[in-house]
A.B. asks: 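I am attaching a structure below and will ask some questions about it afterwards.
The structure displayed is predicted, hence computed values, not measured ones. Heavy atoms only: backbone and side chains are in, while hydrogens, waters and symmetry mates are out.
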Amino acid sequence: MPGITLGDTVPNLEVETTQKNFKLHDYFANSWTVLFSHPGDFTPVCTTELGAMGKYAHEFEQRGVKLLGLSCDDIQSHKDWIPDIEAFTPGGKVTYPIIADPNKEIIPQLNMIDPIENGPSRALHIVGPDCKIKLSFLYPSTTGRNMDEVLRALDSLLIAAKHKNKIATPVNWKPDEPVVISPAVSDEEAKKLFPQGFKTAELPSKKGYLRVADVS
């Protein structure tokens with residue numbers, strides 16, 4: 001995709017939302033944020049997704065992570081849409097702000113464009129406290145998000161950041177499962193970083209690059 005991507009700083013746009021107006025960097029400050037976009041209000045997949053975000057809000061709150069939606073309609077349309085969202089998903093109360101972008105000026109600056117349909121996309125950025133994009137998902141219009149995967153990916157980013165990216169999470173990793181040690185970390189450093197010990201997989205290549213450790 002053209003535009004901002006992993007590692008880039010999100011532009012400090014001033015946005016109008018269903019709660020108040022603010023600059024993005026002020027909202028991102030001192031926390032992680034899940035920023036998610038939608039092509040338009042009163043659309044079926046988006047209605048289910050915003051409700052799911054509301055239902056999972058406590059999971060994000062427990063992690064100290066903010067939610068911020070964006071849809072390509074005006075504030076009044078958003079406010080009129082919210083009752084539908086909450087009615088369809090019991091427990092899915094919309095407590096997070098939703099950005100208005102009726103002229104579709106914000107969404108291209110955030111690189112939330114569907115290159116196939118050449119218009120607003122169902123995209124998601126996980127933004128760090130430094131206002132940089134740490135992970136992005138881009139979905140076609142036919143496919144709704146998997147909220148469990150969003151949480152799993154977020155947990156991976158959080159634990160990697162906690163350990164200063166000295167570790168990574170393997171395939172299908174979930175919290176409390178073992179992680180792998182970065183190849184950039186020597187065995188000597190690993191012994192200091194992981195005093196509880198680590199295991200090196202015995203592989204046909206005899207290369208000791210796959211090291212597994214338990215961390216919290």
A.B. asks: Can you see whether Y27 has K66 sitting over its ring - NZ or CZ less than 6.0 Å from the centre and within 45° of the normal?
C.D. replies: yes
A.B. asks: Going through the checks in order, is the side chain to side chain contact (heavy atoms under 4.5 Å, CB included) test met by I85 and K93?
C.D. replies: CA-CA 8 Å; I85 296 167; K93 189 169 180 60; over 6 Å; no
A.B. asks: Within a 6.0 Å radius of atom CD on Q196, are there more than 12 heavy atoms belonging to other residues, nucleotides or ligands?
C.D. replies: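 Count over threshold, so yes.
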A.B. asks: I'd like to know if D155 and K174 make a salt bridge, using a cut-off of under 4.0 Å between side-chain N and carboxylate O.
C.D. replies: no
A.B. asks: Would you mind checking if K23 and E14 are paired as a salt bridge, meaning a charged N to carboxylate O distance below 4.0 Å?
C.D. replies: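 No, no charged N to carboxylate O under 4.0 Å.
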A.B. asks: Using the side chain to side chain contact (heavy atoms under 4.5 Å, CB included) rule, take I126 and I133 through it: C-alpha gap first, then chi angles, then the decisive distance, then the call.
C.D. replies: CA-CA 6 Å; I126 297 180; I133 296 176; over 6 Å; no
A.B. asks: State which residue, out of V127, L135, L68, V65, fulfils the side-chain contact (heavy atoms from CB on, under 4.5 Å) condition with V34.
C.D. replies: V65
A.B. asks: Would the number of heavy atoms belonging to other residues, nucleotides or ligands and lying under 6.0 Å from CG of D26 be above 12?
C.D. replies: yes
A.B. asks: Measure across H78 and D73 and return the closest heavy-atom pair with its distance rounded to 0.1 Å.
C.D. replies: CE1-O, 3.3 Å
A.B. asks: Tell me whether E188 is salt-bridged to K191, with the criterion being a basic N under 4.0 Å from an acidic carboxylate O.
C.D. replies: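 A salt bridge is absent here (no side-chain N lies under 4.0 Å from a carboxylate O).
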A.B. asks: Would you call R122-D114 a salt bridge at under 4.0 Å N-O?
C.D. replies: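 Result for this pair is no, no salt bridge flagged.
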A.B. asks: Verify the neighbour count for atom CZ of F88: are there more than 12 heavy atoms of other residues, nucleotides or ligands below 6.0 Å?
C.D. replies: no
A.B. asks: Quick one: closest heavy-atom pair of L35 and M112, and the distance?
C.D. replies: O-CE, 3.5 Å
A.B. asks: What heavy-atom pair brings V10 and L24 nearest, and what distance separates the two atoms?
C.D. replies: CG1-CD1, 3.9 Å
A.B. asks: Between Y96 and F36, what is the ring plane arrangement, given parallel below 30°, perpendicular above 60°, and tilted in between?
C.D. replies: perpendicular
A.B. asks: Take I106 and I99 through the side chain to side chain contact (heavy atoms under 4.5 Å, CB included) test and state the conclusion after the steps.
C.D. replies: CA-CA 9 Å; I106 296 172; I99 298 169; 3.9 Å; yes
